[in-house]
Amino acid sequence: MELRAFAAMMFTIVIWGIGPVFLRSLSVELGPADHLVIRYTIVTVIYAFSLAIFGGWRIERKDWPRLLVISLIGMMGYNLGSAFGFAHVTAGIGSLIIGTQPLLIALMGTLIAKERLTLAAIAGLIIGFLGIVLLVWHDLGSSTDGWGFLAGCTLIFLSGAAWAVYVIVSKPLIRKYGAFSISAMSLSLCSLAMVPMLARPSTLTTLTNMTARSWLELGYIAIISTMLCSVTWNYAASRMRAAASGAFLYLIPIIGVAAGAVILSEHVTSGMVMGGALILIGVAIAQFGGRLRLGGSLAALAAVLFAVTMWGLIPVAMRYLITELSPQTAMVLRLYPAGVLAIIVCIFTGVRPIAWRDWGRIAIAALAGNLGYQILAAFGMQSVPASWTGLLFGLEPVFIALFAVVLAGDRLTAWLIGGIFVSMLGTAALMLGSTLSPSGDVSLFGLVLVTLSTMGWGIYTVVIRPATLKYGALPVSCLAMAITALPMPFFVSPGLPLTLASMTGASWLAVGFVVVFGTFLATAAWNYALGAMDSSIAGVFLYVQPVVAAIGGILLLGERLTWPLLLGGALIVLGVAIAQFGPLITRRVAAIGNSRLRGAREPVMETP
């Protein structure tokens with residue numbers, strides 16, 4: 001890497017890192033539209049004189065489509081999204097969302113430039129976008145204008161996508177015509193389209209009322225951040241690989257959060273810390289993970305951890321939806337879209353002909369198992385915190401083993417009996433704690449419903465397994481999901497349209513998380529992991545679910561960590577471990593004993 005290119009890149013990143021502070025200030029004080037009109041009128045005049053004096057405005061006809069794309073989609077999309085977004089979002093949060101630009105550059109490189117998207121890049125994209133979800137989710141609840149906050153976050157994210165288009169598409173032009181010419185031409189074309197669109201009579205009033213501070217901030221953004229840094233960025237980016245130049249962008253959120261706290265006295269929230277950490281981890285994995293030469297087993301490990309983490313957060317999202325809306329509405333919003341997506345997947349992937357007997361098995365698993373699980377869990381979670389629900393969901397392996405004995409003829413072992421006994425002690429500890437809870441936020445009836453719901457999932461797992469082995473996991477899972485959604489119209493209340501219209505941004509975010517991340521992506525990751533590791537090993541990671549649920553409930557929903565939660569959770573996890581690993585220990589001990597016995601019986605050959 002050239003030293004001058006490195007210096008130009010670092011200068012650009014520091015200036016852009018502080019830029020969100022002044023973007024936020026200008027968008028709030030002047031308004032995003034007037035701010036852009038004043039700023040880009042100045043920029044266009046300066047660049048027009050520069051092109052007239054130094055030349056560089058002649059572009060070959062075949063390159064005009066590419067120039068128009070970077071000007072009208074890349075440059076204008078970035079500026080519109082950032083200016084209007086920062087009118088609703090603090091500089092610190094906006095900077096963290098901008099930190100996903102390296103991920104978007106990698107994604108656009110695949111879509112536009114046909115660059116190969118590696119496994120590390122995919123993992124980084126997922127983790128980084130999860131960071132955005134956590135960041136928005138945590139701070140959305142404390143925002144006085146939920147929809148405005150969500151719209152601002154979305155606009156800033158889209159501005160990053162537009163900038164990713166600019167980075168990828170402009171690279172051949174910069175190499176051919178130079179950084180200054182392309183920067184000047186793209187900014188000028190952007191201004192010619194954007195300024196007339198946003199200008200209004202009140203813009204002149206805004207201009208005459210600007211304070212000295214506003215002029216200084218505008219000079220920083222227009223001259224240093226926009227004009228000078230566009231040149232330094234293009235100079236550095238044209239001499240680096242797209243992935244390398246994108247790697248520097250992860251410094252922007254750190255500088256932006258610090259500048260927002262120092263200059264604008266913004267508060268650094270726990271959501272910013274947790275979401276920002278995930279974003280930076282995702283960016284680091286995407287940028288540098290490929291150099292680690294991760295093997296298939298480690299990829300499977302990442303997949304299974306992603307799956308159980310998403311499943312652990314489902315009780316958190318569902319508890320929020322149920323308390324904000326109602327159990328019926330939460331079920332409809334979760335299962336109906338999932339059922340529609342399942343049908344679409346079946347149509348595109350195809351399903352082999354299924355025997356009538358197997359159709360009956362799938363229907364029983366879906367209606368008696370999965371639907372029963374969903375109904376009981378939804379109504380139970382109305383009076384049970386997410387952290388408690390997650391621990392009770394940890395009983396699922398025990399009930400799966402129990403129903404395998406009852407329905408599939410598996411042998412009942414002493415280990416299973418012992419595991420059930422210890423797990424039930426843990427459940428009893430939770431139920432006893434509910435009666436002693438001073439705040440009354442946990443009900444005994446709700447705990448019973450959630451416990452029964454885990455039995456429904458045990459029935460589903462055991463009944464559907466033969467059909468899964470016969471026809472494949474994906475088609476059978478999608479069919480069962482579609483059948484589960486069929487009764488949802490019976491749970492639709494007359495006031496559902498009004499409920500949907502009044503839902504907050506956080507509620508819609510929770511719905512999207514449950515349907516997309518908690519259902520489809522988590523299931524796909526789990527199935528991938530099962531194809532690369534033994535099912536008994538994958539089963540070990542199910543113990544992560546209750547831990548994630550407990551942590552998520554405490555951090556995201558403000559739930560309390562109590563002694564029944566600790567004691568009951570520990571007993572449940574211990575009981576599940578006894579039931580799941582006891583037989584494996586017995587077989588291992590028996591194998592060692594047989595090996596020693598064979599060794600003792602072998603005759604010893606004496607040497608003459």
Side-chain angles (χ1 to χ4, degrees), residues 126 129-130 133 137 303 306-322 324-351 359 362-381 386 389-390 393 396 453-454 456-457 459-461 463-464 467-468 471-493 496 499-500 503 506-528 545 549:
I126 294 174
F129 293 151
L130 277 177
V133 171
W137 169 280
F306 171 79
V308 297
T309 302
M310 295 301 99
W311 288 338
L313 290 174
I314 282 181
V316 180
M318 287 300 295
R319 166 72 172 174
Y320 178 82
L321 287 174
I322 288 167
E324 288 290 314
L325 307 174
S326 69
Q328 299 95 316
T329 304
M331 274 196 307
V332 171
L333 291 176
R334 177 184 182 182
L335 296 180
Y336 192 76
V340 172
L341 289 175
I343 293 173
I344 294 173
V345 171
C346 288
I347 292 174
F348 279 95
T349 60
V351 179
W359 271 112
I362 295 172
I364 291 172
L367 298 177
N370 193 22
L371 183 61
Y373 159 75
Q374 301 287 349
I375 294 174
L376 292 171
F379 282 92
M381 291 172 65
T389 300
F393 281 173
E396 289 173 357
S453 74
T454 62
W457 187 255
I459 294 173
Y460 171 85
T461 303
V463 173
I464 208 168
T468 300
Y471 300 103
L474 179 62
V476 172
S477 299
C478 288
L479 289 174
M481 198 176 300
I483 294 172
T484 302
L486 289 178
M488 284 303 102
F490 294 104
F491 294 92
V492 176
S493 63
L496 181 62
T499 301
L500 296 179
M503 280 177 61
S507 298
W508 283 113
L509 191 65
V511 171
F513 171 81
V514 169
V515 173
V516 178
F517 286 93
T519 303
F520 279 93
L521 292 181
T523 302
W526 177 262
N527 289 337
Y528 171 81
Q545 281 185 247

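Because only heavy atoms are used, hydrogens play no part in the values below, and waters and symmetry mates are left out as well, while side chains stay in. All values reported here derive from a predicted model rather than from experimental measurement.
- Here the shortest heavy-atom pairing between P475 and C346 reads O-SG, 4.2 Å.
- Listed here is the closest heavy atom pair of S507 and L321: O-CD2, 3.4 Å.
- The CZ atom of F513 sits 10.0 Å away from atom CZ of R334, with the distance rounded to the nearest 0.5 Å.
- Interatomic distance, CD1 of I364 versus CD1 of I483, reported as 10.5 Å (0.5 Å rounding).
- Residues meeting the side chain to side chain contact (heavy atoms under 4.5 Å, CB included) test with L500, sequence neighbours left out: L333, L496, M503, W508.
- When all heavy atoms are compared, the tightest approach of I464 to A365 is CB-CB, 3.8 Å.
- Across Y373 and T454, no two heavy atoms sit closer than the pair CD1-N, 4.5 Å.
- Side chains of V316 and Y320 form no contact here, defined as non-hydrogen atoms less than 4.5 Å apart.
- Taking CZ of F490 as the start and CE of M331 as the end, the distance is 12.5 Å to the nearest 0.5 Å.
- Rounded to the nearest 0.5 Å, atoms CD1 (I375) and OG1 (T484) are 10.0 Å apart.
- Scanning all heavy atoms of the two residues, the minimum distance from A482 to I343 falls at CB-CG1, 3.7 Å.
- For the pair S453 and T389, the minimum side-chain heavy-atom distance is 4.5 Å or more.
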Walk me through it: do M488 and L371 pass the test side chain to side chain contact (heavy atoms under 4.5 Å, CB included)? CA-CA 10 Å; M488 284 303 102; L371 183 61; 3.7 Å; yes

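- Applying the side chain to side chain donor-acceptor pair (under 3.5 Å) test to Y336 and every residue at least two apart in sequence or in another chain returns nothing.
- Note that OG of S477 and CD1 of I362 are 9.5 Å apart. Values are rounded to the nearest 0.5 Å.
- Note that the CD1 atom of I344 and the SG atom of C478 stand 10.5 Å from one another [nearest 0.5 Å].
- Scanning all heavy atoms of the two residues, the minimum distance from A549 to A386 falls at CB-O, 4.1 Å.
- Legend: residues meeting side chain to side chain contact (heavy atoms under 4.5 Å, CB included) with P327, ordered by chain and number and at least two apart, are I322, A378, F379, Q382.
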